[in-house]
Each structure stands twice: as structure tokens, then as C-alpha cells.
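See structure below.
Just so it is clear, the values below take in all heavy atoms, side chains as well, and ignore hydrogens, waters and symmetry mates.
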Amino acid sequence: MVRLPPAEKLSLALRKNVRDEWDNNKKDLEQQLSEILGQEWTVDINPNAVWPYHNDGYAKESLGSCIKSYVEGAVYYLKYLGGRYDSLIGEVNEIASAHVLTMDVDEESRVSYCGVDVVDGKLRIIFNPTSLGVNINDALSESNLLPALNNAPTDKPLSFSARLGIASDYEPAIAAVRHQFAELLGKQDDEINLNPNFEETFAKLKEAASNKKNDIRDDWQNNLGSFTLKYWEGLAYQMKYQKVGEDDLVQEGFLDAVSSLEFKFRIVDSLEYASYAEVVIKDGILYLQSKATTWGTNIDYAAEKLIDQL
């Protein structure tokens, strides 16, 4: 598309609507935004640049009201999603480091109605050039905001989606799983070392997913935390089933073999004996491992041959 030039001057009626509905409410909305995000944020929107895309719709006569509604929707979803995901607020502040909410046309026509992206550290409400004022409250809905944060440039070893999944699914539950291992082995919780190996796993899954010939789950980033947790839970289940916590001889054999009390997950190029995932013990470390193409498959049975490895 060809970007339209900003309106040189808006009509008196439009200027009045912008003043009454947008300018007079901007400070309050900035304050709400700053309170939700815990840091000072500003809103920087040029009504004259937005208006040329009105397409005889809502913004044509009520430009200020239209802009206000977009920002109110953004504020609502940031509050709602911030309450749903404990780590989201910190992520938004870090990824959109300029702490500015702005608004612009989607020149690439990526969205049908409206959405959001991060450009130059600014959180940017975007709208389809033919759909200004349509679905006005949903620009920062979960289905728009989370992918936008994930697609923002980063030099971190884990993507936003992976970090969010770890913070939401793995971290709140891992202490209870560690306690299960400690009870089974007659140890203290802090003696058990669970190494999720997230960064290496992420890198190997990312590399595999870049090859379209590989059948890698589309949701692998989102599930990095939850699936790793499930691998640990599956191991705990197999240890219980195989009497590690009940049979003194089996427990002794386990402790002799896994002398470091370190459990580590990893992605390998090829498995030693299983089809989907397996358990191996080397140098006192227990490894749960799978191939990138079988990651997430038959998780509960990864350690079914545990006794054979002792």
C-alpha cells in the first residue's frame, strides 16, 4: 500500500471531537497505563496521520472518540493479561523499552482489522488501512499481543513465548515435583538438582523447526516449560511405579547410579534404544532425552526402562 499523507488541517468539528474525547482523556489513560505497567508510559498518537484512513467509517466524524477507544482497549487488555500472566508486565516493559504506546497504519496488511507490534521499542497499535474503527477494542487481545511480543527483536537465548511458558507453567509447579523426587529417594528437596536445560533445548528445537522437512510441533515455543515439566512428572511416575521409593534395593541401586542427584533433560540427534524418548545414566547424571522430531511425544513413558539402566 501507499502511505497516505497526514491531513494538513482537520475540520472544526473534528478538532472539537479530538479535543473533547481524546486530548481531555489522554492524561488519564496515560496514568492508567503507567499504573498497570508499573513504570511511566506515554501515549503518542497523531490524529492528523490517522484520519486519512477513515474510509467513511467511525473515525470520519468521531476521530477523537475512535482513538480513545483504541487506547482504552489496549489499557483493558494489558490489565487483564497482566493479571493472567505474572511475568507479562515485566516482559512488556522490557520488550517495549521506550515505554510509549503509539498507533499507525499496518502498511504490510498483516491484520484484518487491528493488532499490535513493537517498532523501535514502542508498542504500536496497528490497523488495516481499510478497517480503521473496526473491532476497535481488540488490538491488544491475547491473540494479538503475545505473538507481537514474541516477534519483537531480541538478543535473548529464549523467545518471549518460551519465557512466558516457563514462568507460567514450569516455575510455579517445579518445587512440588522436586519434592516428589526427594521423597522417593529419602533426600532433602534442595539435594535434588533438576536441570531443564531450556536454552540448549530451545536452540535445538529452533534449528530443527527451521527445516521444513522436519515435523516439529507449531506450538513448541509455548510448550517448552509445560512439556519439560511433564517429562519430570513422567519420570517421577515411573520411579514410583518401579518401586524406587519402596524397595530398598532398587533405591540403593538408583542412588549408586545417579550419584550426583542431577536429572537433566536434553535433545539428542539419535536415541540409544527407544523410539520417542528415553532415560540414560552417565557419569552419575540421569538424562531424559528425546529427538527434536519426537519431543513431546509419549512423555510419560520416557523412563519406562529406568530399571534396565541401573
Side-chain angles (χ1 to χ4, degrees), residues 18 21-47 49-50 58-59 62-106 110-128 131-154 156 158-172 219 221-222 225:
V18 168
E21 296 299 324
W22 171 236
D23 292 341
N24 288 346
N25 289 288
K26 178 183 174 183
K27 185 175 180 180
D28 178 62
L29 288 167
E30 286 179 329
Q31 183 176 350
Q32 291 182 48
L33 192 62
S34 299
E35 289 176 354
I36 291 167
L37 295 173
Q39 298 192 34
E40 184 176 353
W41 274 65
T42 58
V43 180
D44 182 15
I45 298 174
N46 180 358
V50 173
Y58 179 34
S62 303
L63 178 60
S65 303
C66 180
I67 293 173
K68 176 189 171 187
S69 293
Y70 273 108
V71 175
E72 286 176 334
V75 168
Y76 167 81
Y77 271 111
L78 285 169
K79 182 177 182 179
Y80 168 70
L81 294 173
R84 183 173 181 184
Y85 299 104
D86 291 342
S87 64
L88 182 72
I89 297 301
E91 291 279 4
V92 171
N93 279 317
E94 186 171 355
I95 294 170
S97 57
H99 297 173
V100 174
L101 177 67
T102 186
M103 182 173 172
D104 202 358
V105 65
D106 176 20
R110 293 165 293 171
V111 297
S112 298
Y113 302 109
C114 61
V116 60
D117 63 8
V118 179
V119 176
D120 298 329
K122 299 178 181 180
L123 195 62
R124 188 175 71 155
I125 296 170
I126 55 176
F127 57 89
N128 185 288
S131 302
L132 179 63
V134 180
N135 285 9
I136 206 165
N137 296 316
D138 296 334
L140 269 66
S141 65
E142 182 170 356
S143 61
N144 289 333
L145 179 60
L146 300 193
L149 295 174
N150 197 55
N151 292 332
T154 182
K156 292 190 173 185
L158 299 177
S159 68
F160 162 77
S161 292
R163 297 194 304 270
L164 186 69
I166 291 167
S168 301
D169 302 324
Y170 185 88
E171 292 177 354
D219 58 358
Q221 295 186 52
N222 303 42

Could you walk me through whether Ile36 and Tyr76 satisfy the side chain to side chain contact (heavy atoms under 4.5 Å, CB included) test, starting with their C-alpha distance in whole Å, then the side-chain angles of each, then the deciding distance to 0.1 Å, before giving a yes or no? CA-CA 10 Å; Ile36 291 167; Tyr76 167 81; over 6 Å; no
To the nearest 0.5 Å, what is the distance between OG on Ser97 and CG on Asp120? 9.5 Å
Val105 versus Ile126: any side-chain heavy-atom pair under 4.5 Å? no
What pair of heavy atoms forms the shortest contact from Ile45 to Leu101, and how long is it? CG1-O, 4.4 Å
Whether the side chain of Asn135 engages the backbone of Tyr113 through a donor-acceptor N/O pair (distance < 3.5 Å, no angle test) should be reported. no
Check the pair Gln221 / Ser159 against side chain to side chain donor-acceptor pair (under 3.5 Å), numbers first and verdict last. CA-CA 7 Å; Gln221 295 186 52; Ser159 68; 2.5 Å; yes
Verdict with supporting geometry, Leu145 and Leu78, side chain to side chain contact (heavy atoms under 4.5 Å, CB included): CA-CA 9 Å; Leu145 179 60; Leu78 285 169; 3.9 Å; yes
Looking only at heavy atoms, what is the nearest atom pair of Ala148 and Asp117, with distance? CB-CA, 4.0 Å
Starting at OG1 of Thr154, measure out to CD of Glu91 and round the result to the nearest 0.5 Å. 8.5 Å
Spacing of CG belonging to Asp28 relative to CG belonging to Asn24, to within rounding of 0.5 Å: 11.0 Å
Looking at every heavy atom in both Ile95 and Val118, which two are closest together, and how far apart are they? O-CG1, 3.9 Å
Are Leu164 and Ser87 packed together at the side-chain level, in the sense that at least one heavy-atom pair is separated by less than 4.5 angstrom? yes
Residues, nucleotides or ligands: over 12 heavy atoms within 6.0 Å of Lys122 NZ: no
Please check if any side-chain donor atom of Asn25 sits under 3.5 Å from a side-chain acceptor atom of Glu21, or the reverse. no
If you define the side chain from C-beta out and look only at heavy atoms, does anything of Asp104 sit under 4.5 Å from Val119? no
Would you say the side-chain atoms of Glu142 and Tyr85 include a donor-acceptor pair closer than 3.5 Å? yes
Got a donor-acceptor contact below 3.5 angstrom from the Asn151 side chain to the Pro147 backbone? yes
Can you name the nearest heavy-atom pair linking Ser69 to Ile136, along with the distance? CB-CD1, 3.6 Å
Which atoms form the tightest heavy-atom contact between Gly82 and Leu88, and what is the distance? N-CD2, 3.7 Å
Find the distance between OG (Ser141) and OH (Tyr80) and round it off to the nearest 0.5 Å. 10.5 Å
Within-4.5 Å side-chain heavy-atom neighbours: Tyr77 and Asn144: no
Does Thr42 offer a backbone N or O that forms a donor-acceptor pair with the side chain of His99 under 3.5 Å? no
Do the non-hydrogen side-chain atoms of Tyr70 and Cys66 ever get within less than 4.5 Å of each other? yes
Chi angles and distances behind the side chain to side chain contact (heavy atoms under 4.5 Å, CB included) call for Gln31, Lys27: CA-CA 6 Å; Gln31 183 176 350; Lys27 185 175 180 180; 5.7 Å; no
Derivation and outcome, side chain to side chain contact (heavy atoms under 4.5 Å, CB included), residues Leu63 and Val50: CA-CA 8 Å; Leu63 178 60; Val50 173; 4.0 Å; yes
Over all atoms of both residues, closest heavy-atom pair of Tyr58 and Ser65: OH-CB, 3.1 Å
So do the side chains of Leu29 and Lys68 get within less than 4.5 Å of each other, counting heavy atoms only? yes
Ignoring hydrogens and geometry beyond distance, is a side-chain donor-acceptor pair present between Ser34 and Glu40 at under 3.5 Å? no
Sub-4.5 Å side-chain heavy-atom contact between Leu33 and Trp41: yes
Reported CG-to-CG distance for the pair Asn222 and Asp169, which is rounded to 0.5 angstrom: 9.0 Å
Between Glu94 and Arg163 (salt bridge meaning N to carboxylate O under 4.0 Å), is one present in this structure? no
Is the backbone N or O of Arg124 less than 3.5 Å from a side-chain atom of Thr102, with the two atoms forming a donor-acceptor pair by type? no
Are the side chains of Leu140 and Leu123 in contact, using a 4.5 Å heavy-atom criterion? yes
